[in-house]
Amino acid sequence: MPDATGLELTAHEIRERDSDSILATEFSHGRAVLVAAAGSVIDVLGALRERGYTFLASLHGVDYYPQQPRLGVLYELLDMSEVDRITVKIRVDTDDPRVPTATGLFPGAEFPEREVYDMFGVVFEGHPDLRRILMPEDFEGFPQRRDFPVGGEPVLFTHNERDGYGRWQ
């Protein structure tokens with residue numbers, strides 16, 4: 001992992017391309033984090049990819065309620081040759097939670113972006129197939145948001161029967 005100095009150098013190099021792209025840096029508990037502007041996240045991810053962070057290990061959503069902007073998307077990138085990790089964090093408001101898709105840089109972002117859309121309501125603009133992945137298409141609301149009712153709503157899923165060997169038919 002880059003140390004605090006390496007993280008600041010990385011942020012500085014990215015800021016040279018776009019001065020508004022990196023909002024802050026965080027280094028705590030052994031984790032290097034670049035806090036990026038939501039509209040610049042693809043440029044930031046692209047710059048990190050050029051630096052060797054070619055593997056998107058994780059992409060997930062977060063609800064920081066009651067803080068504003070409330071919703072977050074975190075991208076965990078790995079540099080496999082240097083055995084290095086860095087996190088890119090963006091925040092968006094619930095009024096218009098739009099973020100450009102990372103599928104052009106990391107095709108493996110397709111399903112995690114669908115999950116964040118499904119659970120938190122973040123819209124990934126330009127996504128090739130943005131639709132619910134876990135909840136039924138007609139489900140209303142976003143169950144991982146902290147203001148979602150604790151009891152939730154009953155959801156009926158269709159399922160197949162098992163055969164005599166315990167396998168799904």
Looking at every heavy atom in both [X] and [Y], which two are closest together, and how far apart are they?
X	Y	result
D63	R146	OD2-N, 2.6 Å
G108	P112	O-CD, 3.2 Å
E113	L130	O-CD1, 4.3 Å
P97	R145	CG-NH2, 4.3 Å
V92	R98	CG1-O, 3.9 Å
F106	T54	CE2-O, 3.6 Å

[atom2] on [Y] to [atom1] on [X], rounded to 0.5 Å:
X	Y	atom1	atom2	value
F142	T94	CZ	OG1	10.5 Å
S81	Y53	OG	OH	9.5 Å
R49	F55	CZ	CZ	11.5 Å
L23	L34	CG	CG	10.5 Å
E13	E50	CD	CD	10.5 Å

Under 3.5 Å: donor-acceptor pair, side chain of [X], backbone of [Y]:
X	Y	answer
R70	Y64	no
H127	T103	no
D93	P69	no
D118	M135	yes

Stepwise side chain to side chain contact (heavy atoms under 4.5 Å, CB included) check, Y75 with V41: CA-CA 10 Å; Y75 304 81; V41 69; 3.7 Å; yes
Is there a side-chain contact between [X] and [Y] in this structure, where contact means two heavy atoms from C-beta onward sitting under 4.5 Å apart?
X	Y	result
R114	D129	yes
T10	L48	yes
L74	V88	no
V99	V123	no
D18	I14	no
L78	I86	no

Test item: side-chain donor near acceptor, [X] and [Y], under 3.5 Å:
X	Y	value
E125	T101	no
H12	E16	yes
T87	E76	yes
D147	Y65	no
S21	R15	no
Q68	R91	no

Salt bridge present between D43 and R17 (N-O < 4.0 angstrom): no
Lys/Arg-Asp/Glu bridge criterion (N-O < 4.0 Å) met for E26, K89: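 Salt bridge flag = yes for K89 with E26.
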Is there a continuous path of hydrophobic side-chain contacts, each under 4.5 Å between heavy atoms, that joins [X] to [Y]?
X	Y	value
L45	F111	yes
I22	F27	yes
I42	I90	yes
F120	I133	yes
F124	L105	yes

Derivation and outcome, side chain to side chain contact (heavy atoms under 4.5 Å, CB included), residues V35 and T25: CA-CA 6 Å; V35 181; T25 59; over 6 Å; no
Y117 six-ring face occupied by R131 cation (under 6.0 Å, within 45°):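 That pair does not qualify as a cation-pi contact.
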